[in-house]
Amino acid sequence: MPIFHCPLGAVFYDDEPCIDCGLCLARTEPEMVEASKKMREYIRAHAARKSRSQKIAVCGKGGTGKSTLVALLANVLRQEGYAVLVIDTDESNPGLPRLLGLSTPAAPLISLLERFSLGDRKPDASWLGAARISPESIPREFIVSAPRLKLLTVGKILDPLQGCACQMADLARDFVQKVNLANKEIMLMDMEAGIESFGRGVERGADTVLIIVEPSFDSLALAEKIRYMAEGIGISTIRAILNKIPSSEIEAKLRKELEKKQIKVAGAVYLDPQVSQAGLIGRELPAITGAHEQVKKIVTAVLSGQE
Ligand code: SF4
């Protein structure tokens with residue numbers, strides 16, 4: 001069998017039984033199309049349909065401001081009394097902890113795999129085998145925290161020739177599906193740029209996808225693709241957040257384009273010098289900014305299911 005990471009984790013991780021879709025054995029494009037259709041039908045039929053947004057994947061083209069939006073969303077949610085678990089699944093960008101005002105590094109989840117373990121200690125991954133994982137039960141060595149905030153990092157590619165990020169994606173997908181949240185707990189996932197994570201099914205555990213859209217053709221085109229991908233794995237709450245908006249004219253144009261692509265908009269965040277400054281020097285986002293107030297409205301819209 002060629003190297004292939006089954007979106008159900010059926011081969012390497014025994015997460016779900018093999019459904020015999022044929023995706024891993026497909027040799028031609030028609031075979032692949034047919035097999036992936038079977039896989040999508042299975043995933044849609046088994047999707048956990050929830051009426052509320054509690055596991056939120058923040059997606060979009062590279063550079064649209066996903067990490068910044070994750071930090072802004074986390075800040076607003078904490079202010080509103082939610083306990084927020086942030087999962088950094090981005091394999092490259094290191095800035096999210098700083099935007100959240102967190103500095104002490106924690107062990108990445110990937111260090112549970114022997115190949116990536118830290119030091120000589122054999123990693124104890126037994127807790128990961130539980131059917132459900134509450135934020136409280138995640139061992140402290142993997143968490144950086146602040147009041148009503150926990151940050152867990154899946155892993156980063158640190159060196160050339162270290163290998164591909166497949167194992168990180170597999171680990172993230174399996175972990176995210178098991179996270180069990182109580183009332184007033186929300187999980188925010190800062191996703192890798194683009195759509196590769198959808199190919200690996202990382203977003204399967206999410207109930208909501210927020211697509212960050214900046215004023216550019218590529219960002220709009222990718223937003224449409226992300227909507228298609230998210231719908232394909234059974235996610236029904238999909239909203240765009242417009243980011244780095246310079247004027248009401250641009251906002252109106254973006255809204256019109258997204259309407260054509262059948263993507264609902266949760267709100268817009270305008271260019272904000274305080275946010276740009278924090279992003280530039282890698283420091284905690286200030287609590288009171290225009291962007292913070294705009295994100296408050298977005299949080300209300302997303303959590304209430306408003307359109
Ligand atoms: S046949 Fe389908 S479900 Fe089975 S291992 Fe291959 S990709 Fe996964």
Side-chain angles (χ1 to χ4, degrees), residues 1-50 55-62 87 89-92 109-110 112-113 115 128-129 131-132 154-155 157 162-179 189-211 218 220-239 261-263:
M1 186 191 293
I3 293 175
F4 178 84
H5 289 252
C6 167
L8 299 183
V11 177
F12 297 113
Y13 295 95
D14 291 333
D15 289 339
E16 285 177 60
C18 170
I19 59 164
D20 213 10
C21 69
L23 192 55
C24 54
L25 299 173
R27 293 284 179 277
T28 63
E29 198 184 337
E31 282 175 9
M32 207 181 305
V33 168
E34 193 49 40
S36 68
K37 199 170 143 207
K38 278 190 203 163
M39 174 66 81
R40 287 201 303 277
E41 280 164 4
Y42 173 86
I43 288 177
R44 275 202 297 269
H46 292 79
R49 297 199 179 274
K50 289 187 181 169
K55 290 185 175 181
I56 301 173
V58 179
C59 307
K61 184 182 87 63
I87 312 287
T89 77
D90 189 314
E91 295 124 16
S92 324
L109 200 60
I110 194 82
L112 285 172
L113 302 182
R115 186 165 161 246
L128 209 53
R132 290 167 167 233
V154 176
I157 299 284
Q162 189 179 309
C164 70
C166 303
Q167 285 179 302
M168 294 188 200
D170 290 342
L171 202 55
R173 180 194 61 230
D174 300 338
F175 171 75
V176 159
Q177 287 189 88
K178 288 180 175 185
V179 171
M189 289 184 270
D190 187 9
M191 304 307 300
E192 182 74 16
I195 52 169
E196 193 179 350
S197 56
F198 281 96
R200 301 195 189 289
V202 181
E203 288 84 353
R204 270 193 72 194
D207 51 49
T208 298
V209 162
L210 297 180
I211 312 170
D218 281 349
L220 281 164
L222 199 68
E224 186 170 28
K225 191 81 186 170
I226 290 172
R227 176 188 62 76
Y228 169 76
M229 293 279 182
E231 284 176 354
I233 56 170
I235 294 175
S236 51
T237 304
I238 302 163
R239 299 284 183 273
K261 297 178 191 304
Q262 298 166 8
I263 302 173

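In this chain, numbering begins with 1 at the start of the sequence shown.
- Here the side chain of Lys55 pairs a donor or acceptor atom with the backbone of Val179 at under 3.5 angstrom.
- Distance check: Leu23 CG to Lys37 NZ gives 14.0 Å after rounding to the nearest 0.5 Å.
- The number of heavy-atom neighbours closer than 6.0 Å to NZ of Lys225, taken from other residues, nucleotides and ligands shown, is 12 or below.
- The CE atom of Met32 sits 11.5 Å away from atom SG of Cys24, with the distance rounded to the nearest 0.5 Å.
- Checking side-chain atoms of Lys178 against main-chain N and O of Leu128 turns up a donor-acceptor pair under 3.5 Å.
- Take Glu196 and apply the side chain to side chain contact (heavy atoms under 4.5 Å, CB included) test, not counting sequence neighbours, and it matches Arg200.
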Would you check, one step at a time, whether the test side-chain contact (heavy atoms from CB on, under 4.5 Å) holds for Ile195 with Ile226? CA-CA 7 Å; Ile195 52 169; Ile226 290 172; 3.7 Å; yes
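- Salt-bridge check for Arg227 with Glu231: passed, with a basic side-chain N closer than 4.0 Å to an acidic carboxylate O.
- Side-chain atoms of Phe175 and Val154, non-hydrogen and from C-beta on, never get closer than 4.5 Å to each other.
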Quick one: do Ile238 and Ile211 satisfy side-chain contact (heavy atoms from CB on, under 4.5 Å)? Show the steps, please. CA-CA 7 Å; Ile238 302 163; Ile211 312 170; 3.7 Å; yes
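- Atoms CE and CG, from Met229 and Leu222 in turn, are 9.0 Å apart once rounded to the nearest 0.5 Å.
- Summarising the geometry, atom OG belonging to Ser197 is positioned 14.0 Å from atom CE belonging to Met168; distances are rounded to the nearest 0.5 Å.
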